[in-house]
Number of protein chains: 2
Amino acid sequence: MQQQISVITLGIANLARSRRFYGEGFGWKPVFENPEIVYYQMNGFVLGTWLETALAGDMKRERLARPGAFALAHNVANRHEVERVIEVLSRHGGRVLREADAPEHGGFRGYVADPDDHAWEIAWNPAWSIDMDGHVSFGL
Amino acid sequence: MQQQISVITLGIANLARSRRFYGEGFGWKPVFENPEIVYYQMNGFVLGTWLETALAGDMKRERLARPGAFALAHNVANRHEVERVIEVLSRHGGRVLREADAPEHGGFRGYVADPDDHAWEIAWNPAWSIDMDGHVSFGL
């Protein structure tokens with residue numbers, strides 16, 4: 001099957017609070033929004049932020065737990081950008097989980113939780129390339 | 001900031017079990033693997049499956065919960081493919097959460113949990129386009 005993910009959907013408790021983090025913190029523009037969901041067109045797929053009760057119902061689960069066992073990463077061009085983005089996100093509803101530092105394998109990264117406790121790694125990884133359209137390629 | 005997600009990392013308990021679901025169920029080829037992580041090059045970003053204890057430590061959290069408040073979607077070309085993919089995944093360690101049916105907004109979809117209880121929506125959404133490289137665009 002095609003090596004493809006179409007959507008990442010995050011369960012959220014409060015649409016306005018989440019929209020502030022993504023819209024003003026990251027500065028991302030929605031491609032669609034209604035009173036229960038906001039979609040963002042990303043680099044080859046779509047990010048959705050959907051009321052958690054609706055998401056749980058759609059997948060026929062009673063309860064979803066937080067913080068979940070996953071992380072999303074946003075890579076940037078240099079180590080100073082890592083610190084800058086973490087600072088901006090923390091002013092728009094984000095909570096720093098790990099101050100930026102250098103991992104063993106190189107680069108620089110920190111972690112911020114969004115207002116619904118979903119983890120974002122903000123990373124500079126000089127081995128991975130990012131093209132003009134934001135498409136990210138694995139590198140060693 | 002660039003509207004871009006570089007990596008989705010899923011916390012997993014058992015590398016071989018997870019690799020079977022993604023490698024034989026979805027049929028995806030790793031771009032890198034070692035005894036604690038497997039990376040897959042996806043449509044504009046990278047999917048990582050990493051031992052959950054290591055992921056939790058990296059984000060400085062004591063404990064991660066499951067099932068988390070998120071879902072990933074894999075879109076396919078027609079409704080028959082939805083049923084076929086769900087059936088194949090269920091034979092490779094997946095567990096059906098919702099049998100495929102038609103949502104109100106159109107199309108067709110079901111949900112499968114991976115061996116670590118992460119939710120995958122398998123969907124046919126005729127309004128969204130997927131190009132040859134698997135890049136997915138939002139549509140109404």
Side-chain angles (χ1 to χ4, degrees), chain A residues 1-12 26-29 31-32 39-47 52 55-56 58-61 63-76 85 88 97-98 103 111 116-119 121 123 125 128 130 133-138 140, chain B residues 1-12 26-29 31-32 39-47 52 55-56 58-61 63-76 85 88 97-98 103 111 116-119 121 123 125 128 130 133-138 140:
Chain A
M1 292 160 217
Q2 198 175 46
Q3 210 143 324
Q4 170 254 104
I5 293 175
S6 310
V7 194
I8 304 172
T9 305
L10 300 176
I12 60 169
F26 274 118
W28 296 344
K29 294 192 195 326
V31 65
F32 175 84
Y39 282 118
Y40 303 87
Q41 175 65 52
M42 306 303 293
N43 44 309
F45 63 100
V46 173
L47 171 68
E52 184 173 308
L55 174 61
D58 204 53
M59 63 170 91
K60 303 267 192 196
R61 275 175 156 163
R63 204 183 64 85
L64 300 176
R66 291 189 241 165
F70 74 105
L72 303 176
H74 175 74
N75 284 11
V76 297
V85 171
V88 171
L97 298 173
R98 177 183 197 137
Y111 281 89
D116 293 280
D117 231 10
H118 302 305
E121 180 186 11
N125 182 338
W128 293 26
I130 307 175
D133 296 322
H135 299 142
V136 176
S137 298
F138 180 87
L140 274 181
Chain B
M1 292 161 218
Q2 198 176 43
Q3 209 143 325
Q4 169 254 104
I5 293 175
S6 310
V7 194
I8 304 172
T9 305
L10 301 177
I12 61 170
F26 274 119
W28 296 344
K29 293 192 196 325
V31 64
F32 175 85
Y39 282 117
Y40 303 87
Q41 176 66 52
M42 305 302 294
N43 45 310
F45 63 99
V46 174
L47 171 67
E52 184 174 309
L55 175 61
D58 203 53
M59 64 170 90
K60 303 265 192 198
R61 275 174 155 164
R63 205 183 64 84
L64 301 175
R66 292 189 240 164
F70 75 106
L72 303 177
H74 175 74
N75 284 12
V76 297
V85 172
V88 171
L97 298 173
R98 177 183 197 137
Y111 281 89
D116 293 280
D117 231 10
H118 302 304
E121 182 188 10
N125 183 337
W128 293 26
I130 307 177
D133 297 321
H135 299 142
V136 176
S137 299
F138 180 88
L140 274 181

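The structure presented is a predicted model; accordingly, all values stated were derived computationally and were not measured. Reminder, nothing fancy here: chain letters follow the sequence lines and each chain counts from 1.
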message = How close do B:Leu55 and A:Ala71 get, counting heavy atoms only, and between which atoms?
response = CD1-CB, 4.1 Å

remark   = In terms of heavy-atom contacts, A:Leu97 and B:Lys60 come closest through O-CB, 3.7 Å

Measure distances from [X] to the heavy atoms of chain B and classify the residue's part below 4.5 Å as side chain, backbone, both or neither.
X: A:Asp117; value: both
X: A:Ile12; value: neither
X: A:Val88; value: side chain
X: A:Asp58; value: both
X: A:Tyr39; value: side chain
X: A:Phe70; value: both

query = With a 4.5 Å heavy-atom cut-off, do B:Val7 and A:Val136 have their side chains touching?
reply = no

task = Would you mind reporting whether B:His74 and A:Ile5 have side-chain heavy atoms less than 4.5 Å apart?
result = no

remark   = OG (A:Ser6) and CE (B:Met42) are apart, to the nearest 0.5 Å, by 9.0 Å

task = Can you measure from CH2 (B:Trp128) to CD (A:Gln41) and round to the nearest 0.5 angstrom?
result = 8.0 Å

Which portion of B:Gln2 sits near chain A, non-hydrogen atoms under 4.5 angstrom = both

So which residue, [options], ends up with the most heavy-atom pairs under 4.5 Å with chain A?
options: B:Leu10, B:Asp133, B:Val46; result: B:Val46
options: B:Pro103, B:Ala119, B:Gly11, B:Ala69; result: B:Ala69
options: B:Gly134, B:Ala65, B:Gly68; result: B:Ala65
options: B:Trp28, B:Phe32, B:Phe45; result: B:Trp28

Considering only heavy atoms and a distance below 4.5 Å, find which of [options] pairs most often with chain B.
options: A:Met59, A:Arg66, A:His118, A:Arg63; result: A:Met59
options: A:Glu121, A:Lys29, A:Glu52; result: A:Lys29
options: A:Ala56, A:Gly27, A:Ser137; result: A:Ser137
options: A:Gln4, A:Met1, A:His135; result: A:Gln4

message = So does A:Asn43 get a backbone contact from the side chain of B:Gln3, meaning a donor-acceptor N/O pair under 3.5 Å?
response = no

